[in-house]
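Residue numbering restarts at 1 for every chain, and letters A, B, ... go by the order of the sequence lines. Basis for what follows: all heavy atoms, side chains included, without hydrogens, waters or symmetry-related copies. Here the structure is a predicted model, which is why all the values come from computation and not from measurement.
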Amino acid sequence: MQAQAFAPRLIAWQALNGRHDLPWQVNDPYRVWLSEIMLQQTQVSSVLEYYPRFVTRFPDVQQLAAAPQEEVLALWSGLGYYSRARNLHRAARMVVDAFGGRFPETREALETLPGVGRSTAAAIAAFAFNARETILDGNVKRVLTRVFGVEGWPGERNVEKALWTLAESLLPEDAASMPAYTQALMDLGATCCTRVRPACTRCPFAADCVAHQQARTAELPAARPKKVQPTRYATLLLACHGGRVLLERRPPAGVWGGLMSLPELPAGELSEAWLAQLGTGEVLPAWPEFVHVFTHFKLVITPQPVEVDALAPRAADDTRQWLTPEAAIEAGVPTPVRRLLEALSSGTLSVSHQIST
DNA sequence: AAGCCGGGGAG
DNA sequence: CTCCCAGGCTT
């Protein structure tokens, strides 16, 4: 893909397939700025409900600057990211007070307005002033990583820097086409090069797109690395006597809430209090620990078998029961507990580390 | 560099 | 439920 071929092909595509009737597609820096702020991390369909009301109430930057902040926030209510509204109001006052009521025309100067970062400033400069500045939003990152096969998560500093450089190298030569080109970048990402199931058959770059040619549109852009889950540790007690094992109903809230389970010793140690409850017996060697993964943490479980000399008295309610492993499984237990009970009933003396879910 | 902001849509 | 969206600001 030649860099100089990118913009003309994209603009030609946009002329026939792009969006041309969005209400903020006007040559007015105030309305462009307002729409760009509203569209930050917010989908077009949502902004379409708010933007008309806002420009009706505040037709120009002077009237916005003169309004009380509460009224601005009220019109923003429901859009989310309310610091955008506060910054919007501050920026309007800055335009009036510091720039004489006229928006600055360069990307660099626009970036001094609160709430206007590099990409938003570039969008305003390109749409309103034909500046040869590139945007780099989520749509553009997706298009560029796919077409040019850029590896790595775009949130990573080096990857993002490379994308800015790449995006700048693709700008059209003639400044007059900057509005159409910028809109085309957004439109391609929003309507064709979508996050899932992109419409590559309708894409002007399909023949050159690295992701499409390698059938890797699902892998590019690379997803955010998953956060390392916090680790918790627990000992699950396998108290056995006469072919039965002690089960305990867990508290209603929290992990495995309300389910029957093996008694859990939080500290990872076999406590004296627990042994006393069970009377006398023999503590057997612990089984190998294994990991159970939850959505928000991982639990390292140490199964601790104990052969007790007699069955402790059954509690009045059903919070504690001595059951055969088979009956316990039947009662409904969490998956890792079921695996342990299965190992117990099959007479296995140790559990493989491969137990996990 | 990572966390935060927020409501909503898609899968 | 997760992940992301026309990102920017703070720590």
Which is true for [X] with a 4.0 Å heavy-atom rule: it touches a base, it touches only sugar-phosphate, or it touches nothing?
{"X": "A:G189", "value": "nothing"}
{"X": "A:E111", "value": "nothing"}
{"X": "A:W24", "value": "base"}
{"X": "A:L22", "value": "base"}
{"X": "A:I135", "value": "nothing"}

What orientation do A:W76 and A:F54 show, parallel under 30°, tilted 30 to 60°, or perpendicular over 60°? perpendicular
Judged by nearest nucleotide, the residue sitting upstream toward the 5' end of DNA chain C, A:S35 or A:P114, is A:S35
By nearest-nucleotide position on DNA chain C, the 5'-leaning member of A:R84 and A:P221 is A:P221
* C:dC5 phosphate, OP1 or OP2, under 4.0 Å from A:R142 side-chain N/O -> yes
(request) Respond yes when some side-chain nitrogen or oxygen of A:Q41 is under 4.0 Å from OP1 or OP2 of C:dG7, and no when none is. (result) yes
> Could a donor-acceptor pair under 3.5 angstrom be found where the side chain of A:T120 meets the base of C:dG8?
Replying inline: no
Worksheet entry | C:dT11 and B:dG6, which share atom name P, separated by this distance in whole Å | 15 Å
Quote, to the nearest angstrom, the C1' distance that separates B:dG8 from C:dC9.
-> 23 Å
* Asked: Side chains of A:T120 and A:Q40: donor-acceptor distance under 3.5 Å anywhere?
  -> yes
- prompt: Do the side-chain N and O atoms of A:D309 and A:T280 include a donor-acceptor pair separated by under 3.5 angstrom?
  reply: yes
So which nucleotide from [options] ends up closest to the side chain of [X]?
{"X": "A:R224", "options": "B:dG6, C:dC4, B:dG11", "result": "C:dC4"}
{"X": "A:Y81", "options": "C:dC5, B:dG6, C:dG8", "result": "B:dG6"}
{"X": "A:R195", "options": "C:dC5, C:dG8, C:dC4", "result": "C:dC4"}

*Any side-chain heavy-atom pair of A:C240 and A:V306 under 4.5 Å*: no
Whichever of A:E156 and A:Y82 has the more 5' nearest nucleotide on DNA chain B, that residue is A:E156
Under 6.0 Å between ring centres: does that hold for A:F129 and A:F103?
no
